[in-house]
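Just so we're clear, the structure is a prediction, and the values are computed from it rather than from any experiment.
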Amino acid sequence: MISGNEWLAPMAESNGILIFVFTFLTVFLVRLLHLFYNTGKPLRSTCMKPRSTLIVLGSGGHTAEMLNLLSVLQKDRFLPRYYVAAATDNMSLQKAQTFESSSNNAKETGTAQYMQIYRSREVGQSYITSVLTTLIAIVHAVWLMIKIRPQVILCNGPGTCIPLCGIAFVFKVLGIRWSSIFYVESIARVKRLSLSGLLLYKLRIADQVYVQWPQLQRMYPRSIYVGCLM
């Protein structure tokens, strides 16, 4: 016959596990709601120190727009700068190197690094094989984020920004690292956000989403209209 103490011991252990799980989920949910609540609000920072910045480049005009944006920023506020492009996109990194080595940036030589990231799926790749490449891309993205540990992420549309921004958001939720994510929608997007922009906006991953057309801001009210940046 089982004694009262023997019967209560496993029950108390089970209750302890349930309390721990409930507490963890509650803290996780509160932190997630806190992040969602602050998404899209102006960021207040009294720190004037340079912030390590991850800049996501991409083909199809994304790199040209991003470099044009960087040319009007106070670049000494974003140091060091890490440029990331897809492994099959060599032109973007070459353009970034040319931009960094230009006469206007000569005094900041050596403050930029250039990296590549695996694509989740190439154009024309089958969906079956893309499962494996997606997993590889996610692992690689995690490794890059741990290595770079950026305080700021700048992106404007290439699909390679999704895993990087997603991982940065998970790190924020878990309290591992806080990265402010800024997404600038391409000027070519007049009526609707791109798929990357839509995901970052709807899932509230990006801290701030900037658009260059007033009608786009009206369609996505949490976005910020900044006018033409080109």
**OP:** Could you walk me through whether Glu100 and Tyr83 pass the side-chain hydrogen bond (donor to acceptor under 3.5 Å, both in side chains) test, one step at a time?
**Re:** CA-CA 11 Å; Glu100 286 290 337; Tyr83 292 91; 2.5 Å; yes
Original post:
Would Arg189 and Leu193 satisfy side chain to side chain contact (heavy atoms under 4.5 Å, CB included), going step by step from the backbone distance to the final call?
Top reply: CA-CA 6 Å; Arg189 291 290 174 170; Leu193 292 175; 5.9 Å; no
Original post:
Going through the distances and angles, do Arg222 and Arg204 end up as a side chain to side chain contact (heavy atoms under 4.5 Å, CB included)?
Top reply: CA-CA 10 Å; Arg222 282 191 290 103; Arg204 295 177 178 262; 3.4 Å; yes
Original post:
When you look at Met66 and Ile55, which way does the side chain to side chain contact (heavy atoms under 4.5 Å, CB included) test go after all the steps?
Top reply: CA-CA 8 Å; Met66 178 57 72; Ile55 303 164; 3.5 Å; yes
**OP:** Tell me, with the steps shown, if Leu216 and Ser223 meet side chain to side chain contact (heavy atoms under 4.5 Å, CB included).
**Re:** CA-CA 8 Å; Leu216 202 57; Ser223 64; over 6 Å; no
**OP:** Start with the C-alpha gap between Asp89 and Lys95, add the side-chain angles, then the distance that decides, and say whether salt bridge (charged side-chain N to carboxylate O under 4.0 Å, His left out) holds.
**Re:** CA-CA 11 Å; Asp89 181 11; Lys95 291 177 181 178; over 6 Å; no
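In this view, Tyr183 satisfies the ring pair (Phe, Tyr, Trp, His ring centres under 6.0 Å) rule with no residue, not counting sequence neighbours. Scanning for ring pair (Phe, Tyr, Trp, His ring centres under 6.0 Å) contacts around Tyr210 gives an empty result, with sequence neighbours left out. The ring pair (Phe, Tyr, Trp, His ring centres under 6.0 Å) test applied to Phe78 returns no partner, not counting sequence neighbours. Legend: residues meeting side-chain contact (heavy atoms from CB on, under 4.5 Å) with Lys147, ordered by chain and number and at least two apart, are Met115, Trp143. Residues forming a side-chain hydrogen bond (donor to acceptor under 3.5 Å, both in side chains) with Ser186 (at least two apart in sequence, or on another chain): Glu65. Take Thr53 and apply the side-chain hydrogen bond (donor to acceptor under 3.5 Å, both in side chains) test, not counting sequence neighbours, and it matches no residue. For Pro214, the side-chain contact (heavy atoms from CB on, under 4.5 Å) partners two or more places apart in sequence, or in a different chain, are Arg218, Tyr225. Every residue two or more places apart in sequence or in another chain that forms a side-chain contact (heavy atoms from CB on, under 4.5 Å) with Val170 is listed here: Leu174. Val190 is linked by a side-chain contact (heavy atoms from CB on, under 4.5 Å) to Trp213, Gln215, counting only residues two or more places apart in sequence or in another chain. A search for side-chain hydrogen bond (donor to acceptor under 3.5 Å, both in side chains) contacts involving Gln217 returns nothing, not counting sequence neighbours.
Expressed to the nearest 0.5 Å, how far CZ of Arg51 lies from OG of Ser180 amounts to 6.5 Å. Distance check, rounded to the nearest 0.5 Å: CG of Leu73 to OG of Ser71 gives 7.5 Å. Note that CZ of Phe182 is 11.5 Å distant from CG of Leu69, once rounded to the nearest 0.5 Å. Rounding to the nearest 0.5 angstrom, the gap separating the OH atom in Tyr201 from the OH atom in Tyr220 is 8.5 Å. Rounding to the nearest 0.5 Å places CG of Leu79 at 11.5 Å from CD of Gln74. Atom CD1 in Ile146 sits 8.5 Å away from atom CD1 in Ile167 (nearest 0.5 Å).
Hydrophobic clustering keeps Met91 apart from Tyr114 (ILVMFWY residues linked when any side-chain heavy atoms are closer than 4.5 Å, directly or through intermediates). Following chains of ILVMFWY side-chain contacts shorter than 4.5 Å, one cannot reach Leu135 starting from Leu144, and the two form parts of different hydrophobic clusters. When hydrophobic clusters are built by joining Ile, Leu, Val, Met, Phe, Trp and Tyr residues whose side-chain heavy atoms come closer than 4.5 Å, directly or via intermediates, Val139 is not grouped with Phe171. Note on Val142 and Val173: same hydrophobic cluster, where clusters join Ile, Leu, Val, Met, Phe, Trp and Tyr whose side-chain heavy atoms are under 4.5 Å apart, directly or indirectly.
Here the closest heavy-atom approach between residue Lys172 and residue Asp207 is recorded as NZ-OD2, 3.0 Å.
The closest side-chain heavy-atom distance from Arg81 to Leu54 is not below 4.5 Å. Side-chain contact between Gln116 and Leu57 is absent, with no heavy-atom pair separated by less than 4.5 Å.
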Report all side-chain donor-acceptor pairs from residues 148-166 shorter than 3.5 Å, counting only partners two or more places apart or in another chain.
from	atom 1	to	atom 2	distance (Å)
Gln151	OE1	Ser52	N	3.0
Asn156	ND2	His62	O	2.9

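Residues Tyr118, Leu132 make up the rest of the hydrophobic cluster containing Ile136, defined by ILVMFWY side-chain heavy atoms closer than 4.5 Å, directly or through other members.
Between the side chain of Thr98 and the backbone N or O of Gln94, at least one donor-acceptor pair lies under 3.5 Å. Side chain of Thr111 to backbone of Pro80: no donor-acceptor contact under 3.5 angstrom is found.
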